[in-house]
J.: 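One structure is given below, represented as structure tokens, and several questions about it will come after.
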Amino acid sequence: MADTATQEQRLPKGPTLTKFSDAELAKLSIPFRNALTAHVCNGQKYSQIAVDQAIPIGTVRSRINRARRHVAAMREFEANKAKEDAREFEQSGLPSARA
């Protein structure tokens with residue numbers, strides 16, 4: 001496990017997301033999801049994923065990076081949507097449920 005943490009720290013670009021919900025994973029394409037879960041959830045090294053999935057190691061790196069970026073974009077979209085919804089609610093003048 002220590003090796004996986006070290007490998008995570010070496011990733012130079014993109015979001016360094018290490019925890020994902022089932023809903024987030026379900027929204028990824030199968031190749032991205034398979035590479036990401038093999039690395040993050042199962043702790044496999046890139047070289048092992050490449051062998052297991054019969055793809056070049058560069059493809060593994062690319063898929064993991066793109067999967068992380070996609071999840072980060074989903075999270076940013078959801079956060080922005082929540083802020084927008086809250087702002088619209090405040091402007092509506094309706095009483096809050098906290099009262």
J.: Using a 4.5 Å cut-off on heavy atoms from C-beta on, say whether the side chain of Arg75 contacts that of Glu24.
T.: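 Yes - at least one pair of side-chain heavy atoms lies under 4.5 Å apart.
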J.: Could I get the full list of salt bridge (Lys or Arg N to Asp or Glu O under 4.0 Å) partners for Lys83, not counting sequence neighbours?
T.: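 For Lys83 there are no salt bridge (Lys or Arg N to Asp or Glu O under 4.0 Å) partners, ignoring immediate neighbours.
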J.: With a 6.0 Å cut-off on the ring centroids, do Phe32 and His70 count as close?
T.: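 Centroid separation for Phe32 and His70: 6.0 Å or greater.
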J.: Side-chain polar contacts of residues 48-64 - donor-acceptor pairs under 3.5 angstrom, sequence neighbours left out - could you list them?
T.:
from  : atom 1 : to    : atom 2 : distance (Å)
Gln48 : NE2    : Asp52 : OD1    : 2.6
Gln48 : NE2    : Asp52 : OD2    : 3.4
Asp52 : OD2    : Gln44 : NE2    : 3.2
Ser62 : OG     : Arg66 : NE     : 3.4

J.: How many angstroms lie between atom CG of Asn80 and atom CG of Asp85, to the nearest 0.5 angstrom?
T.: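 If I round to the nearest 0.5 Å, the distance is 11.0 Å.
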J.: Could you list the residues that satisfy salt bridge (Lys or Arg N to Asp or Glu O under 4.0 Å) with Asp22, not counting sequence neighbours?
T.: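 Asp22 satisfies salt bridge (Lys or Arg N to Asp or Glu O under 4.0 Å) with no other residue.
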J.: Please report the C-alpha distance between Lys81 and Glu76 in whole Å, then the side-chain angles of each, then the deciding distance to 0.1 Å, and finally whether the side-chain contact (heavy atoms from CB on, under 4.5 Å) criterion is met.
T.: CA-CA 8 Å; Lys81 177 118 175 68; Glu76 184 177 350; over 6 Å; no
J.: Quick one: list whatever passes side-chain contact (heavy atoms from CB on, under 4.5 Å) with Glu90, sequence neighbours left out.
T.: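 By the side-chain contact (heavy atoms from CB on, under 4.5 Å) rule, Glu90 matches no residue at all.
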